[in-house]
Structure formats: structure tokens, C-alpha cells
There are 2 protein chains.
Amino acid sequence: MTRTATPSDPETTAPQALSPQDMVCFSLYSAVHAMSQAYRPHLEKLGLTYPQYLVMSALWAAKAPPTVGMLSRQLQLESSTLTPLLKRLETMGLLTRRRDAEDERQVRIALTEEGHQMQGRTAHIAGCIAEQSGMSVDELLALRDQVSRLRDNLRKG
Amino acid sequence: MTRTATPSDPETTAPQALSPQDMVCFSLYSAVHAMSQAYRPHLEKLGLTYPQYLVMSALWAAKAPPTVGMLSRQLQLESSTLTPLLKRLETMGLLTRRRDAEDERQVRIALTEEGHQMQGRTAHIAGCIAEQSGMSVDELLALRDQVSRLRDNLRKG
DNA sequence: GTCGATTGTATCGCGCGCGATAGATATTCG
DNA sequence: CGAATATCTATCGCGCGCGATACAATCGAC
């Protein structure tokens with residue numbers, strides 16, 4: 001096995017095995033946890049978890065109240081994940097869940113007044129995280145596109 | 001200014017909002033789930049989850065049985081995550097957990113014979129995932145280093 | 001219209017993942 | 001030495017995240 005660009009510590013690793021530090025999948029795995037931790041101090045002031053913040057972001061960006069299925073496709077999460085999460089946000093008074101009159105199978109998710117108003121209180125967060133990332137905007141955008149491409153390819157396979 | 005005058009109007013707030021698809025954090029978040037899904041068919045033949053596979057990878061790469069704390073630092077996971085996970089792997093017969101004689105606070109994690117032998121059955125997986133990623137090896141290594149840099153910066157801040 | 005298939009949500013069980021905390025062992029300092 | 005302090009692991013509660021499953025509403029073929 002050939003040496004990689006950032007080899008593991010030879011003091012603690014066996015030469016023939018690939019350590020987590022060498023793996024692309026681990027870099028993503030650990031980066032997501034670090035990202036969640038970076039958001040935590042900002043979000044806990046709002047009483048939100050990181051996945052809840054993503055759902056709220058989707059709702060803030062939506063032109064009309066989406067269905068559970070639309071959120072599921074956009075966020076790539078199963079209904080078994082979204083339904084309890086949405087119920088918690090509903091209990092917090094941030095959104096409402098209503099069966100669609102046209103198609104009673106679907107559930108429309110609409111922001112409440114309080115849910116809309118929370119958007120303003122999140123406006124500064126992205127900038128804080130970007131600064132903390134130590135990367136330029138161009139680097140971040142390029143990284144986002146590369147990671148999105150990887151994700152889409154993995155989903156197709 | 002005029003926008004904040006009507007913050008609850010979805011017709012005016014939607015265009016200014018950053019959707020999850022625009023965010024670096026979401027690309028990572030969704031890529032990790034896609035990665036876990038890509039590994040799933042391979043790993044469930046071995047009876048492993050994806051985090052369990054990462055722990056096993058760390059153990060395969062280690063020269064000597066690490067402590068829980070060493071695994072915690074390497075994988076960037078809390079003991080509250082690792083302890084139950086390690087107990088499950090111990091129940092499966094893949095490793096042993098023994099208090100260190102030198103320092104009774106520490107717990108040494110050692111692979112069993114079965115645990116060692118499992119490594120061979122995972123040898124093909126990385127290649128399958130790399131192929132499925134649709135990216136070249138150089139691209140993957142560059143991506144790994146960029147993501148690791150982002151993670152390390154976020155951890156420092 | 002009726003029956004079968006499909007679609008959209010919800011429920012359940014299990015494995016993370018972490019903050020808060022507890023408890024035991026080691027270390028440091030007086 | 002002995003007490004305060006630090007370190008290491010484990011426990012608990014809660015929120016994801018998903019596969020499997022259930023169930024109701026809709027659609028399609030006839």
C-alpha cells in the first residue's frame with residue numbers, strides 16, 4: 001500500500017491498514033459532527049437542534065408550504081425522521097401540520113408567525129461559521145459543489 | 001429595511017432565504033447520509049453498522065490495543081458514544097474490553113481473532129465506494145484534505 | 001363503480017451522538 | 001502521609017436517522 005498525502009501517525013498505526021484519518025468517508029463523518037458543534041452555541045439560543053435548523057431553512061426558502069414528501073426529497077430524509085421532528089417544531093409553535101384538502105394523503109407544513117420571525121434571528125449564523133471555517137468563500141463554494149457531486153453520485157449508484 | 005417591515009410574508013422572505021441546497025453544511029450533512037447508505041449493503045453482510053466499521057478500521061490500523069480515550073480522540077467521538085458501541089462489538093465477539101493494569105481508569109480495546117479476521121472481508125469495500133463516487137483518486141484525496149482542513153478549523157474555533 | 005396497485009404519512013425498534021453527570025482511579029500539593 | 005484536583009470511563013435522557021411495517025387515500029384498469 002502506498003503512502004497517502006497525509007499519512008497516519010506511524011507510531012500508532014500498522015503500515016498495511018488504512019486508518020480512519022486516511023479515509024474520505026471519515027473526513028466527511030467527522031466534519032459533520034464538527035459542523036454540528038460549531039452551530040450548537042448559536043442554535044441553542046433559539047432552542048433549535050441542527051436538523052431542526054435545516055428544516056426551518058427549507059421552510060424559509062420555500063415559496064409555498066411544502067408537503068412532508070417535498071421536504072423529504074429536498075433534505076433526503078425519510079418520513080420516519082421528519083414526522084417526529086416536525087411534530088416537535090409544531091409543539092414549539094414554529095409551524096403547523098395540516099392535511100391537504102386536495103389530497104388527504106399529504107400533509108402541508110406551514111410556518112407560523114413565530115416561525116417566520118425566527119429567520120431574522122438566524123441571519124448572522126452563516127457568516128460566523130464561514131469565518132470559523134478558515135476558508136475563503138470561493139473555497140467553500142467549490143467544496144460544496146464537490147461534496148454535492150460526490151453525494152449525488154453515491155445516491156445514483 | 002423594507003423586507004424587515006413584512007418579515008412574515010412568504011412572498012417577500014422566500015427570495016432572500018438561503019435554501020439547504022446552497023449551504024456547505026447541508027452538502028456535508030446529506031453526503032454523510034449518502035455515504036452511510038452506500039456502505040450499508042457491504043457492511044450488513046458483515047453485521048456491522050457504519051460507525052462500527054470506523055471503530056474496527058481504527059483497531060485494524062492500530063499497532064497496539066488502544067484505550068477508549070485514544071479511540072475517542074482519533075474518531076472524535078465521546079465516551080458516551082463509544083462505550084455502548086464497543087460493548088456491542090464485544091458482544092459480537094470482535095473485541096475485548098479490559099482495564100489497564102498500569103492505570104485502572106483506562107480500558108484497553110483489543111481485537112479478538114474473529115475481529116482480526118474480519119479485516120480481510122472488508123478489503124474490497126473502499127474500492128467499490130471509490131468507484132461509485134464517480135471521482136478520481138486524486139479528486140477524492142484532495143476532497144478529503146479540504147474537508148479535514150474545514151473540520152480542524154471548526155474544531156479550533 | 002370495483003378491485004388491485006400505488007402513493008403519502010405515520011409508527012416502531014434499534015443504533016448512534018452528545019451534554020450532563022457520576023464514580024472510580026491517579027496525580028499533585030501541602 | 002492525606003486532601004484537593006485531575007483524568008478516565010460509564011450512565012442517563014433525548015433527538016435524530018433509518019429499515020420495516022401499517023394504514024389510509026388516490027389512481028388505474030376494467
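Both backbone and side-chain heavy atoms feed into the values below; hydrogens, waters and symmetry mates do not. Chain A is the first sequence line, chain B the second, and so forth, proteins listed ahead of strands; every chain is numbered from 1.
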Non-neighbouring partners of B:P51 that pass side chain to side chain contact (heavy atoms under 4.5 Å, CB included), sequence neighbours left out: A:Y29, B:T49, B:L85

Would you say A:S57's side chain and B:P20's backbone share a donor-acceptor pair under 3.5 angstrom? no

Need the bend value for the helix from C:dG1-D:dC30 to C:dG30-D:dC1: angle between end axes, 5 pairs each end, nearest 10°. 20°

Checking all strands, does A:E44 fall into the base, sugar-phosphate, or nothing category for heavy-atom contacts under 4.0 angstrom? nothing

Provide the closest heavy-atom pair for A:V68 versus A:L82 in the form atom of the first, atom of the second, distance. O-CD1, 3.8 Å

Distances under 3.5 Å only, N/O to N/O: pair up the protein atoms with those of nucleotides 2-4 of chain C.
none

Protein N or O to nucleotides 6-8 of chain C N or O, pairs below 3.5 Å:
unit_1	atom_1	unit_2	atom_2	d
C:dT7	O2	A:R105	NH1	3.2
C:dG8	O3'	A:R105	O	3.4

Can a donor-acceptor pair be found, under 3.5 Å and without considering hydrogens, that links the side chain of A:T112 to the backbone of A:L94? yes

Counting N and O atoms only, with roles assigned by atom type, does the side chain of A:S36 sit under 3.5 Å from a partner on the main chain of A:H33, one being a donor and the other an acceptor? no

Among A:D103, A:D100, A:T67, the one residue meeting side-chain hydrogen bond (donor to acceptor under 3.5 Å, both in side chains) with A:R108: A:D100

Within the structure, does a side-chain N or O atom of A:K87 lie under 4.0 Å from either OP1 or OP2 of C:dT11? yes

Can you list every side chain to side chain donor-acceptor pair (under 3.5 Å) pair that touches residues 79-96 of chain B, not counting sequence neighbours? B:E90-B:R97

Side-chain contact, heavy-atom cut-off 4.5 Å: B:R151 with A:V32? no

By the 4.0 Å heavy-atom rule, please label B:R97 as base, sugar-phosphate, or nothing. sugar-phosphate

Reading nucleotides 15-21 of chain C from the 5' end, what letters show protein touch, with B for base, S for backbone sugar-phosphate only, - for no heavy atom under 4.0 Å? SSBBB--

B:D22 side chain vs B:S19 backbone, donor-acceptor pair below 3.5 Å: yes

Between atom CD1 in A:I109 and atom C1' in C:dT9, what is the gap in whole Å? 10 Å

Please check: side-chain N/O of B:W60 versus main-chain N/O of B:G120, any donor-acceptor pairing under 3.5 Å? no

Between C:dA24 (P) and B:E102 (CD): distance, integer Å: 22 Å

Pair A:R144 + A:E139: basic N to acidic O under 4.0 Å: no

On a heavy-atom basis, which atom in A:M23 and which in A:L18 lie closest, and how many Å separate them? CE-O, 3.1 Å

Going through the distances and angles, do B:M56 and B:L46 end up as a side-chain contact (heavy atoms from CB on, under 4.5 Å)? CA-CA 12 Å; B:M56 294 300 291; B:L46 307 173; over 6 Å; no

